[in-house]
Amino acid sequence: MELTWELVAFLGFAVMTLGSGLMVVTSSNLFHSVLFLMTSLFGVAGLFVLLVAPFLAAIQVLVYIGAIAVLMLFVIMLTRQVMSRPELYNQQMAGALVAAAILFLALLFVLTPLADEIGGDVAQVNAEVIAEADDAPDVDYITVEELGRAFVTRNGFVLPFEVTSILLTAAMIGAIVVAREDEA
Amino acid sequence: MLDVYAPVAPLFILAILVGGIILILSRLMGPSKPHARKVATYESGMRPIGPAVRRLPVQFHRVGMLFILFDIEVIFFIPWALVFRDLGFYGLAVMGVFFYVLLIGLAYEWFAGGLEWEQ
């Protein structure tokens, strides 16, 4: 396989995502776990950029790192006893290993035929794609404008788009009800 | 196609280098004479009282949760706002329905006192 800058960047972001993901589950301080989770999510944002989805990458940083991880920090600080976890491992470890192995095999089973379908020689396909891309720079590039059109067109995503507002409203009401002090 | 992001790479490397160099230099060159009062938690020069780790009021969680929701709503507006002149009245109507449902949520939040800090 040829060593391109994209490959270097991919490896960097993959190591960042997986390495911090490992630190999330092995760190003994929950607060540190969330900080590592932020790094892991940033790695995912980098992978989105490599997949030519810059809007998604920006949202990943904005929502996941900027809002959800910060909310997780709040939740950890809301509870008195959760800051440190004395025991990292429990009896369910064997079961978790089996479940992870099954999930890995299932993913392998699903993804291998897909990779074959794209073409056994991935490097060959990559070279073709790059050759094409030089002629037409905007091959698979989905702009934010196209996303906006897809939100509202009838054969696009107009129904999921409207249903999202109901989901957000339900979440809003849920947030109020959960944080209420009286009827606990 | 990804070449446009190439200038970001030096930025990343520079940020990591600067952060690392500052940490290493301050450790190497700074005087280190630890003392019980020096290594204590800084509390405006006063003697620290009580534990540093305290429970936060639950209001922070509610505000954070509502912030996420409005954050996501705004993100749905961005792609629409870029093309809404081309979409005409139809686009306005679609976003109107989206916005109206969210207004119901906002109204509930307002009347349930979710926007008040004190309950």
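So that the names make sense, note that chain A is the first sequence line, chain B the second, and so on, each numbered from 1.
Among the candidates A:G148, A:A150, A:A170, the residue making the largest number of heavy-atom pairs closer than 4.5 Å to chain B is A:G148.
Side-chain atoms of B:Y108 do not come within 3.5 Å of backbone N or O of A:M172 as any donor-acceptor pair.
Residues B:L87 and A:F151 form no side-chain contact, since every pair of their non-hydrogen atoms from C-beta on lies 4.5 Å or further apart. A 4.5 Å side-chain heavy-atom check between B:L66 and A:I176 finds at least one atom pair inside the cut-off.
The parts of B:F76 that come within reach of chain A are both its backbone and its side chain, each placing non-hydrogen atoms under 4.5 angstrom from that chain. Using a 4.5 Å cut-off between heavy atoms, A:V70 does not touch chain B at all. With a 4.5 Å cut-off on non-hydrogen atoms, B:Y90 touches chain A through its side chain but not through its backbone. When heavy atoms are compared at a cutoff of 4.5 Å, A:V163 does not approach chain B at all.
Interatomic distance, A:R149 CZ to B:L82 CG, rounded to the nearest 0.5 Å: 9.5 Å. Note: B:I75 CD1 to A:I59 CD1 = 4.5 Å, rounded to the nearest 0.5 Å.
Nearest heavy-atom pair, A:L62 versus B:D71, reported as atom, atom and distance to 0.1 Å: O-OD2, 3.8 Å. Taking each heavy atom of B:I72 and A:L168 in turn, the nearest pair found is CG2-CD2, 4.1 Å. B:L102 and A:S165 make their closest contact through CD2-O, 3.7 Å (heavy atoms, listed as atom of the first residue, atom of the second, distance). Listed here is the closest heavy atom pair of A:L71 and B:M65: CD1-N, 3.5 Å.
Between A:F74 and B:F60, the angle of the ring planes lies from 30° to 60°, which puts this pair in the tilted group. Note: A:F161 and B:F98 have parallel aromatic rings, judged against thresholds of 30 and 60 degrees for the angle between ring planes.
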